[in-house]
Amino acid sequence: MSDNQHLEHMEHDRGTWGSNFGFLMAAVGSAVGLGNIWGFPYKMGNKGGFAFLIIYLLLVIFVGVVVMLGELTIGRKTGKGAVGAYAALSKKYKWVGYLGILSAFTLLAFYNVLGGLVMRYMFGFLLQILGVDGFSGAGMGFFGYILYDYSGMIFFHVLFIVCNVVIVMGGIQGGIEKFCTVAMPALFFMLLFVIIYVAFQPGAGEGYKFMLTPNFEPLSSFGGFIDVLKTAAGQMFFSLSLGMGAIISYGSYLDKKEDLQKNALIIPACDTLIAVMAACAILPACAAFNMEYAQGPGLLFNTMQNVFLSMGSFGNFVGFMFYFLVFIAAVTSSISLFEAIVTWRLDVGIEKKQKVSRTKIMSIAAVCSFIVGIPVALDALGAADAVVKAPYLLLGMTPEQLAAGQVPMAIDCWLDFFDVISEGIFMPLGALIMAVLIGWKWKTRNLIVPECEISGHKFWGYTFFDICFKFITPIGMILVLGGQIYDFFIKALIA
Ligand code: PHE
């Protein structure tokens with residue numbers, strides 16, 4: 001084989017999206033996930049409802065869209081995943097790409113476990129429909145039961161990873177794109193169905209009120225503002241899959257004729273729409289069935305399961321539908337986390353002209369992510385009597401201190417540990433570095449504009465993007481990281 005033929009063959013191996021619609025479904029699939037359905041509603045509830053929503057929307061426009069465009073451009077221009085892309089632009093900054101890989105593993109550590117739990121609830125409701133008790137006799141207390149059912153936790157953790165392996169092994173067009181083009185529209189209609197059903201439940205109105213009542217109290221002090229800002233920013237990065245390289249990878253498979261700026265707008269718009277829709281399903285459902293707008297995993301699992309169980313026999317059907325749609329949202333996101341890792345190794349192989357096997361790379365990534373996820377699956381969300389001890393227990397703190405609120409959120413259980421370091425630190429840090437590099441070193445005019453215009457579309461909003469890359473995103477991210485460091489270290493020291 002001549003060198004040229006060889007190269008062509010290799011490029012063929014790497015794969016591309018079949019169409020812009022397919023790419024969009026995959027990218028929106030990456031963005032729409034547990035972050036929208038599990039994180040957004042309760043964070044909005046906790047941090048002032050409407051005030052949170054406003055800050056969130058501003059962040060999406062001034063940081064989300066901008067970083068999205070940056071990542072898509074870097075990916076498509078270099079035709080490489082995060083590590084290869086940074087290395088191609090400046091050898092010195094290859095480590096920023098590795099930071100993304102590290103983020104991918106820390107995110108997968110808990111994402112796979114949550115995905116497994118979603119599958120467990122989905123199967124539970126499926127069994128219920130078939131007339132079998134799907135919740136092991138534990139009924140509404142199932143969440144407390146399943147956390148201690150270690151073999152069940154591991155089984156569903158593995159099952160969820162296996163679903164990822166099957167899809168990612170299929171490659172870009174035949175695996176990820178094919179799955180997302182069917183799954184994402186299905187998710188949209190199922191969510192619509194659940195929203196409409198919930199809206200007709202008596203008492204649902206309270207939930208909308210809870211969501212939309214303006215409460216600017218949380219923003220009235222600087223500390224309060226930073227608190228809302230950093231929660232909203234972490235949520236925004238997590239929800240838009242930014243700051244770690246998943247979008248760079250997806251961008252690297254995108255055809256030169258596609259309009260990057262348009263895509264950089266559509267993805268955040270769809271993601272935000274689905275987040276708000278998810279809140280419109282979950283919070284009113286809680287209100288109608290008198291459930292707490294409990295936090296985190298509690299809301300998606302415990303609370304929602306109880307909502308569906310109290311709906312009577314039709315509830316089994318709605319419950320199945322709900323967890324099925326959450327499963328789709330989760331798996332279309334986790335495949336992009338895996339793809340960030342797979343693309344990196346594929347690029348290395350291609351560069352070294354080695355024979356690369358997507359299947360082999362994906363299998364290794366799957367096993368590694370399983371291993372880092374084990375503590376998350378087995379610590380019963382930080383309970384003192386669980387088989388794996390939560391970080392605060394390992395550090396010698398006590399459950400009494402936890403109950404008294406003296407344990408920082410980052411170490412109260414392994415899930416929060418991985419969640420806080422990824423969405424709280426690595427992702428804003430990744431975005432900060434990228435924005436500074438684009439704004440000041442590689443330059444919006446030299447890097448972003450030409451790549452966007454290659455498709456024949458004129459670049460619009462230059463001043464906006466340039467100011468955002470140079471100033472708004474970096475300053476925002478410094479405030480976020482500052483708030484985060486204050487929370488981790490300084491606040492704990494003062495207390
Ligand atoms: N955006 C996904 C969600 O909201 C999570 C994710 C983060 C996926 C980073 C890929 C990369 O659930």
Side-chain angles (χ1 to χ4, degrees), residues 24-44 56 59-60 64 67-68 71-72 75 81-82 97 99-118 160 164 167-168 176 180 183-184 187 191 231-251 267-279 282 296-297 299-300 325-344 365 369 415 418-431 434:
L24 267 178
M25 288 303 102
V28 172
S30 166
V32 170
L34 297 172
N36 306 57
I37 298 174
W38 162 71
F40 185 81
Y42 87 85
K43 285 182 190 163
M44 186 168 154
Y56 184 85
L59 278 165
V60 169
V67 176
M68 180 69 70
E71 293 202 5
L72 286 176
L99 184 68
I101 302 295
L102 191 65
S103 295
F105 277 111
T106 47
L107 287 159
L108 281 169
F110 68 94
Y111 217 88
N112 288 335
V113 175
L114 291 174
L117 269 176
V118 171
F160 185 76
N164 281 274
I167 301 170
V168 175
I176 298 178
C180 292
M184 292 315 290
L187 175 143
L191 186 54
T231 312
Q235 170 63 23
M236 192 263 311
F237 281 114
F238 183 74
S239 189
L240 290 180
S241 309
L242 293 175
M244 51 73 59
I247 298 294
I248 299 184
S249 302
Y250 275 17
I267 302 164
C270 291
D271 185 71
T272 309
L273 174 72
I274 303 276
V276 174
M277 282 174 73
I282 291 179
L299 181 62
L300 182 57
L325 82 85
V326 180
F327 165 71
I328 289 178
V331 81
T332 51
S333 297
S334 52
I335 54 179
S336 74
L337 288 165
F338 276 116
E339 187 57 40
I341 300 167
V342 171
T343 308
W344 160 50
S369 76
L415 187 152
F418 285 116
D419 187 8
V420 170
I421 55 174
S422 52
E423 81 173 77
I425 300 189
F426 291 162
M427 296 165 103
L429 188 62
M434 191 193 78

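Both counts, for ligands and for their atoms, begin at 1 and track the order of listing. Quick caveat, the model's predicted, so the values are computed rather than measured.
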Item checked: Donor-acceptor under 3.5 Å (Asn112 side chain, Phe160 main chain) -> no

Item checked: Donor-acceptor under 3.5 Å (Thr106 side chain, Ser103 main chain) -> yes

Notebook entry, point to check: Between Phe238 and Trp38, how do the two ring planes meet: parallel, tilted or perpendicular, split at 30° and 60°?
Noted result: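 Taking Trp38 first and then Phe238, their aromatic rings stand perpendicular (interplane angle over 60°).
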
Checklist line | ligand 1: protein residues within heavy-atom distance under 4.0 Å | finding: Ser30, Ala31, Gly33, Leu34, Gly35, Asn36, Leu107, Tyr111, Phe238, Ser239, Ser241, Met244, Ala246, Ser333, Ser336, Leu337, Met427

Note to self: According to salt bridge (charged side-chain N to carboxylate O under 4.0 Å, His left out), does anything in residues 331-343 pair up with another residue at least two apart or in another chain? List the pairs.
What the structure shows: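 Non-adjacent pairs meeting salt bridge (charged side-chain N to carboxylate O under 4.0 Å, His left out): Glu339-Arg358.
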
Next item on the list: With sequence neighbours left out, write down each residue that passes ring-ring contact (aromatic ring centres under 6.0 Å, His included) with Tyr56, or none if nothing qualifies.
Entry: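 Tyr56 satisfies ring-ring contact (aromatic ring centres under 6.0 Å, His included) with Phe40 only.
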
Under 3.5 Å, sequence neighbours excluded: what are the donor-acceptor pairs made by side chains of residues 24-32?
| unit_1 | atom_1 | unit_2 | atom_2 | d |
| --- | --- | --- | --- | --- |
| Ser30 | OG | Ser241 | OG | 2.8 |
| Ser30 | OG | Ser336 | OG | 2.8 |

